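Notes for the one structure printed next.
Numbers here are sequence positions counted from 1. Owing to the predicted nature of the structure, the values given are computational and were not obtained by experimental measurement.
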Amino acid sequence: MKYNKRTHNCGELRTENIGQRVTLNGWVDTRRDLGGVIFIDLRDRYGKTQIVFNPQHNGKTHEAAGDLRSEYVVSITGIVEQRPDGTANPNLPTGEIDVAAGELVVLSKADTPPFAIEDEIEVNEELRLKYRYLDLRRAPIQQNLITRHRMYQVTRSYFDELNFIEVETPILMKSTPEGARDYLVPSRVHHGKFYALPQSPQTYKQILMVAGFDRYFQIVKCFRDEDLRADRQPEFTQIDVEMSFVDESDIFMMVEGLMNRMFKEIKGIEIKTPFLTLTHKEAMETYGSDKPDTRFGLKFTNINDVASKVEFKVFSETIKKGGVVAGFVAPGCASYTRNQLDVLTDFVKKSGAGGLVWMRVNENGIETPVEKFLGKEILETIRQRMNANVGDLIFLVSDEWSKAYTVLGALRLEMAKRLNLIDETKFNLLWVTEFPLLEYVPAEKRFVAVHHPFTSPMIEDVELLESDPQKVRARAYDLVLNGNEIAGGSIRIYDRELQSKMLKLLGIEEDEAKKKFGFLLEAFRFGAPPHGGIAFGFDRICMLLMGEKSIRDVIAFPKTTSGMSLMDESPSEVDPEQLKELHIKIV
């Protein structure tokens, strides 16, 4: 079909174009028939322009416009005109002009879409994902993907300036244990053998350091077969980075520079550097999370010294067992009813705690169900230690260290939401460091790596690997933004002997180590430099910078929470002949 190619896009025309003959191509957004004159808004990814079909100007074109419907693809040629006084649209960049149509070519007709192509729509997400190509026509989703594109460019430009080399690593690789299930790909040529899709390029980027590339980065697809949620997908994108001859300070400086550039160019925001740094222990004991949201207070206070002196067994027995009694103050919440407090008690019980101790600070003293166990003097001491004022509410949890602080962390977030304390305009970045290197899993009767098997222990803790492994701290670090982990990394083990010791501690014997990681251990034989790196969750950063609640809104073709692609109906059954070639039988 012959049509005129566009001279301008639909977001481009202004008053300086008045009088020009132009051609616009795009989709019919809306159509209005007002007393014989037909108006349409023509849309493309750049914006919208109002088109006027006047029977007095061109009767044939006006008649053809009567058949136009939403989502028809058309080509329109006409003259740019000033809108009549009082009809300009200040909310539209092109709102001071319209185009008087002279020619109309319908390039493609469209059925009525299953939902309106509007910026703000209330429609089931599964319907949006099934018709993703329609959802992608909506301006907010298009803007998300355009911003994502800009973030790619910022990333590549930044690393190129710092002399990093972008190297692509294999998508078909050897299956290695990295914390989640692998997606396996059967080999047709090598019967009974499988490739794995990479959970990360971890081993490859370490080998690139052994190979002498010194500074590597990659914007890379990774794959993990794990339970999904709003900010998790089976395939996701990382900014992957590795550097040689560095320590933590070099990694931090590089990352903070990227974040500074990203926020400046994408959000127009200057962020302060260096970022706040908390150890894992400090983060847990202050905020109850290894990815704390620091946009609001509600910090914790440990009262073990006070609680150890009382006869109240809920406190004293916990402390004798090595646990903690800690809590925080909810300002102005002494007016909470018994019903509201019961709801919060149920909340902490569902989070894993045995219960919740609360204390109302009133004009006449402190009101609490445990007064008879503690006495007025101890209650006043607790109030002073907690810096609670009249009108405040004190929450205390008594349990073993990890559970007590985790439960308090959940309660802290719940209270912040109830009290509307979270400033959504803030972007708080911080580092969390010195994570535990290992975690003991009683069911498996063995240690597992908290980060991954190639993470270096703190130098001063190496001798504890044999005597007290659970006390060993890792040279690992996470970057946190508003309570979300957006990047994680570590200084790596580069010494063959230490790496072998680490694998043995994880229950991976020498033969198994050679089978799973032999290529990396072999590479270490030929001179490995000290090295470290980090990987950013690119989708999650996009989501947070764009103010979205789900990473599905910043990915062009995402999966559902059950890992389905509703648009193309994958995963799907395959032809029996394909399975036969792969020597696979479905049972």
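- In this structure a side-chain-to-backbone donor-acceptor pair under 3.5 Å is missing from R69 to A110.
- Note on E161 versus R261: salt bridge recorded, some NZ/NE/NH1/NH2 to OD/OE distance being below 4.0 Å.
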Between I239 and Q218, is the side-chain contact (heavy atoms from CB on, under 4.5 Å) condition met? List the steps.
CA-CA 6 Å; I239 306 172; Q218 183 183 189; over 6 Å; no
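- Contact check for Y287 versus D293: no side-chain heavy atoms found under the 4.5 Å cut-off.
- Heavy atoms from other residues, nucleotides or ligands lying under 6.0 Å from CD of E16 number more than 12.
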Under the side-chain contact (heavy atoms from CB on, under 4.5 Å) rule, what do D240 and F536 come out as? Steps first, then yes or no, please.
CA-CA 7 Å; D240 201 45; F536 300 79; over 6 Å; no
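- In this structure, F275 CZ and N260 CG are separated by 7.0 Å, a value rounded to the nearest 0.5 Å.
- Salt bridge present: R418 and E414 bring a charged side-chain N and a carboxylate O closer than 4.0 Å.
- Side-chain N or O atoms of R156 include none that pairs as donor or acceptor with a backbone N or O of M151 at under 3.5 Å.
- Using a cutoff of 4.0 Å between basic side-chain nitrogens and carboxylate oxygens, E71 and K109 are not scored as salt-bridged.
- For T87 (side chain) and P84 (main-chain N/O), a donor-acceptor pair under 3.5 Å exists by modelled atom type.
- Taking every heavy atom of both residues into account, M243 and R215 meet most closely at CE-NH2, 3.7 Å.
- Salt bridge annotation for R181-E226: absent, with no cationic side-chain nitrogen under 4.0 angstrom from a carboxylate oxygen.
- The shortest distance between side-chain heavy atoms of L24 and N9 does not fall below 4.5 Å.
- Between H452 and F454, the ring planes lie tilted relative to each other; the angle falls in the 30° to 60° range.
- Taking the six-membered ring for Trp and the full ring otherwise, Y72 and W27 have centroids separated by 6.0 Å or more.
- Under a 3.5 Å cut-off, the side chain of T560 and the backbone N or O of M564 do form a donor-acceptor pair.
- Side chains of C10 and Y46 form no contact here, defined as non-hydrogen atoms less than 4.5 Å apart.
- The environment of Y195 atom OH is sparse: at most 12 non-hydrogen atoms of other residues, nucleotides or ligands sit within 6.0 angstrom.
- Counting only distance, with no hydrogens or angles, the side chain of R137 and the backbone of I117 share no donor-acceptor pair below 3.5 Å.
- Using the six-membered ring where Trp is involved, F223 and Y183 have ring planes that are perpendicular, over 60° apart on the 30 and 60° scheme.
- No side-chain heavy atom of L430 sits under 4.5 Å from any side-chain heavy atom of T277.
- In this structure, R138 and D119 approach most closely via the heavy-atom pair NH1-O, 2.7 Å.
- The local environment of CD in E573 is sparse, with at most 12 non-hydrogen atoms from other residues, nucleotides or ligands closer than 6.0 Å.
- Distance check: E424 CD to N482 CG gives 8.0 Å after rounding to the nearest 0.5 Å.
- In this structure, T7 contributes its side chain and T23 its backbone to a donor-acceptor pair below 3.5 Å.
- Heavy atoms only, all atoms of each residue included: P55 and G36 are closest at CD-O, 3.6 Å.
- Atom CG of D160 and atom CG of L162 lie 9.0 Å apart (nearest 0.5 Å).
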Side chain to side chain donor-acceptor pair (under 3.5 Å) between K205 and T169: does it pass, once the steps are laid out?
CA-CA 8 Å; K205 66 180 182 178; T169 52; over 6 Å; no
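- Here the side chain of T147 pairs a donor or acceptor atom with the backbone of Q143 at under 3.5 angstrom.
- Contact annotation: the side chain of Y204 approaches that of P170 to within less than 4.5 Å [non-hydrogen atoms, C-beta and beyond].
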Criterion side chain to side chain donor-acceptor pair (under 3.5 Å) on Q20 and N17, from CA distance to verdict
CA-CA 6 Å; Q20 293 179 10; N17 300 109; 3.2 Å; yes
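- Ion pair K48/D29 flagged as a salt bridge, since at least one NZ, NE, NH1 or NH2 atom sits closer than 4.0 Å to an Asp/Glu carboxylate oxygen.
- Although no hydrogens or angles enter the test, the distance criterion places a donor-acceptor pair under 3.5 Å between the side chain of T61 and the main chain of G102.
- More than 12 heavy atoms of other residues, nucleotides or ligands sit less than 6.0 Å from atom CD of E166.
- Counting only distance, with no hydrogens or angles, the side chain of D346 and the backbone of V343 share no donor-acceptor pair below 3.5 Å.
- Taking CD of E485 as the start and CG of D290 as the end, the distance is 7.5 Å to the nearest 0.5 Å.
- Under 4.0 Å is where a charged nitrogen must lie from a carboxylate oxygen, and between E96 and R14 no such pair does.
- A distance of 8.5 Å separates CG of L136 from CE of M567, quoted to the nearest 0.5 Å.
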Verdict with supporting geometry, N484 and L544, side-chain contact (heavy atoms from CB on, under 4.5 Å)
CA-CA 9 Å; N484 297 270; L544 294 169; 3.6 Å; yes
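- Expressed to the nearest 0.5 Å, how far CD1 of I76 lies from CG of N4 amounts to 11.5 Å.
- Ring centers of Y152 and F538: under 6.0 Å apart, within the cut-off.
- Using a 4.5 Å cut-off on side-chain heavy atoms (C-beta onward), R32 and Q50 make contact.
- Using a 4.0 Å cut-off between charged nitrogen and carboxylate oxygen, R31 and D67 do not count as a salt-bridge pair.
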Kindly determine whether L197 and E235 satisfy side-chain contact (heavy atoms from CB on, under 4.5 Å), including the steps that lead there.
CA-CA 10 Å; L197 302 181; E235 52 183 319; over 6 Å; no
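- Side-chain atoms of K130 and P114, non-hydrogen and from C-beta on, never get closer than 4.5 Å to each other.
- Taking each heavy atom of V28 and L42 in turn, the nearest pair found is N-CD1, 4.2 Å.
- In this structure, R148 pairs ionically with D539, as a charged nitrogen and a carboxylate oxygen lie closer than 4.0 Å.
- Taking the centre of each ring, Y158 and F164 stay at or above the 6.0 Å mark.
- Within 6.0 Å of NZ in K60 there are 12 or fewer heavy atoms belonging to other residues, nucleotides or ligands.
- The nearest pair of heavy atoms linking T94 to E12 is CG2-N, 4.1 Å.
- At a threshold of 4.0 Å, the pair R150-E265 does not count as salt-bridged, since none of the basic side-chain nitrogens sits closer than that to a carboxylate oxygen.
- Side-chain atoms of R6 never come within 3.5 Å of backbone atoms of N25 as a donor-acceptor pair (strictly under, hydrogens ignored).
- Of all the heavy atoms in P274 and E256, the pair that sits closest is CA-OE1, 3.2 Å.
- Proximity of T406 to S351: side-chain heavy atoms (C-beta onward) are nowhere separated by under 4.5 Å.
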Using the side chain to side chain donor-acceptor pair (under 3.5 Å) rule, take S550 and D553 through it: C-alpha gap first, then chi angles, then the decisive distance, then the call.
CA-CA 6 Å; S550 167; D553 285 331; 5.2 Å; no
